[in-house]
Each structure stands twice: as structure tokens, then as C-alpha cells.
Enquirer: 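The structure under discussion is supplied below as C-alpha cells; questions concerning it will follow.
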Amino acid sequence: MTLRSTCGIVLKISEHGESDKLVTIYSRDLGRVTGIAKGAKRSRKRFVNKLEEFSSLQIFYRPPRGLTGLLFISEAELLCAHLPIRKDFRRYICAMYINELTLRFTRDNDPDPRLYALLQWTFASLNFDNAPQKIAALYHLQLLDLAGYRPELDRCFNCQQPVGPDRTFIFLPGNGSLLCSVCHHGHNGPSCNHISVQTLKFLAKAQVASLDLINRLQLSRTTASEALESLYHYTIHLLQQDIHSWQAVRFLSTIPTRKKIEGLVARHGAHNIASLEI
Ligand SMILES: [Zn+2]
């Protein structure tokens with residue numbers, strides 16, 4: 001049988017037996033698929049340094065024998081390793097979160113070219129943009145939209161008051177919508193997230209922006225953290241299960257910014273904080 005080929009982003013790699021690896025990719029024309037790379041742990045040529053999470057690959061494969069089942073991957077070409085993501089733990093943590101969300105919101109053999117384009121944009125942006133949490137928030141927001149769970153972030157769902165400075169708002173993770181301060185008496189339970197008007201304005205703009213313009217949206221790390229927190233609570237409500245990499249993403253909002261660390265280096269000398277990976 002002749003080999004077929006497709007391009008995709010690696011979502012997950014796992015060991016399989018003594019010498020094989022299982023590779024899950026999101027491919028342009030196949031959607032999410034998993035293949036087996038025989039002998040990948042020993043191969044010096046066909047797979048070395050290629051089968052890594054976040055890499056963009058062209059794979060050469062034989063289709064599974066049945067409708068479901070594993071592809072047989074015979075070779076892979078590295079299109080882009082996304083090295084900056086591997087060298088910066090902030091980018092790396094956000095990329096892990098993005099991959100986990102993708103795995104949770106997709107099914108096997110169900111291609112969506114819009115999601116493929118979104119993934120390509122996301123990993124390219126994580127490579128060069130210095131605000132990985134912003135990229136993760138934008139990805140999360142757009143993924144929810146593609147999956148049919150677009151949150152309503154521009155008005156109070158009860159009185160229809162548009163988001164503006166004259167009221168505060170809480171986000172209701174149970175139904176993905178907002179409640180304004182006038183309407184939310186009795187809704188201040190632990191599942192409710194207060195969300196600033198600034199964050200809501202950013203998210204509402206991001207929901208309608210095209211991918212080629214979305215990078216121009218600016219937001220602070222605090223705003224990105226608030227956006228991610230709200231989207232996370234909404235998502236675990238939808239999935240009814242936790243997202244493992246969330247704790248690491250949340251940790252990012254508690255550590256000093258790169259600018260602050262650079263300030264510390266300037267004041268105290270690099271030898272005191274040289275062990276910090278920034
Ligand atoms: Zn209201």
C-alpha cells in the first residue's frame with residue numbers, strides 16, 4: 001500500500017511497549033488522530049528529535065485497517081520545532097494547557113480546518129509573543145466558539161444591560177453568561193467569578209476579531225489571568241472534569257514578571273538569581 005501524508009501539530013506523545021511511541025496529532029485533513037511510530041525509541045533517522053509535543057510535522061503513514069484504530073506512521077518530517085516554547089517555561093506551560101484543551105474538545109477523525117488554522121496561529125504566536133497567557137486566553141476563547149460553547153460576554157443575561165463602567169459584573173460558569181451588579185442579589189456564591197469591565201471588553205473584542213488582527217489586542221498579565229480563570233471555571237463546568245495543567249497556568253500569575261526579574265538582576269547581580277529560568 002502506498003504511503004499517505006498529512007501535516008499536523010503534535011498534541012501528545014506516549015511510550016508504547018519497548019520501542020514504539022504513540023503520537024496524537026491534530027491534522028489539517030484528518031482532525032485529531034493517533035498513530036503508532038514503530039521503533040521510534042531506537043530510530044536515529046526516521047524520528048529522532050521530531051516526535052515532540054508542540055512540533056509541527058509532516059507524517060507519512062498507512063491508514064488503519066478498520067474505520068477506527070491507529071495510523072502506522074513510517075516517517076516524520078519536522079516542519080517547525082517551536083523551539084522558543086521549549087526554552088521558556090511560561091510559554092511551555094501555556095502550550096501544555098492549549099494541548100490539553102484541544103484533546104478534551106475534539107474527537108478522533110473529525111477535522112475542522114478552522115481549528116487547524118487556530119492551532120497554527122496559536123503556536124506561531126507562542127513562539128514570538130512575550131505574553132503567553134494572553135495567547136492561551138485567546139486560544140481558549142476561540143476554541144469554545146468553534147466547539148459551540150461561545151460565552152456571552154457583552155451584556156447581562158438577565159436585564160440585557162451592555163457591559164460598561166456604571167455596573168460591575170459576575171461571570172456565571174454554569175451557563176457561560178454575565179449577571180450585572182443590579183441583578184445579582186443572591187448570586188454571590190463561591191461558583192461566581194467577579195470579572196472586570198476591562199477584561200470583558202477585551203474578551204468581547206477578541207470574540208469577533210479575525211486571527212490576522214487578534215495579536216494587536218493588548219492586555220496586561222493581570223487581565224489575562226482573570227480571563228483565563230473565568231474561562232477555566234466555565235470549561236470544567238462544561239466538561240465535568242478537571243484540566244490537569246490548570247494549576248501550572250494559575251501558578252504563572254503568581255510569579256514575578258520578566259521585567260521585575262530583570263530589575264532584580266540589575267540591582268543584585270545575576271549570580272544571585274542565575275538559577276531562575278526566565
Ligand atoms: Zn442585569
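In each ligand, atom 1 is the first atom listed, and ligand 1 is the first ligand listed. None of these values were measured; they are calculated from a predicted model. In what follows, every heavy atom counts, from backbone to side chain, and hydrogens, waters and symmetry copies are set aside.
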Enquirer: Can a donor-acceptor pair be found between the side chains of Y26 and N99 at a distance below 3.5 Å?
Expert: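 N99 and Y26 do not have a side-chain donor-acceptor pair below 3.5 Å.
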Enquirer: For the metal site, I want the angle between atom SG of C156 and atom SG of C159 with the Zn ion (ligand 1) at the apex, to 10°.
Expert: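 If I round to 10°, I get 110°.
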Enquirer: Any N/O/S atom from H184 (main chain or side chain) under 2.8 Å of the Zn ion (ligand 1)?
Expert: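 It does not: H184 brings no N, O or S atom closer than 2.8 Å to the Zn ion (ligand 1).
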Enquirer: Is there a side-chain contact between L179 and F171 (heavy atoms, below 4.5 Å)?
Expert: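 They are not in contact (no side-chain heavy atoms under 4.5 Å apart), so the answer is no.
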Enquirer: Within rounding of 10°, what is the angle whose vertex is the Zn ion (ligand 1) and whose arms end at SG of C180 and SG of C183?
Expert: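 Approximately 110° at the metal, rounded to tens of degrees.
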Enquirer: Measure the CD-NE2 distance between E52 and H82 for me, rounded to the nearest 0.5 Å.
Expert: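 E52 CD to H82 NE2: 13.5 Å, rounded to 0.5 Å.
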Enquirer: Evaluate the side-chain proximity of Y139 to L118: yes if any heavy-atom separation is below 4.5 Å, no if none is.
Expert: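 Answer yes - side chains close enough.
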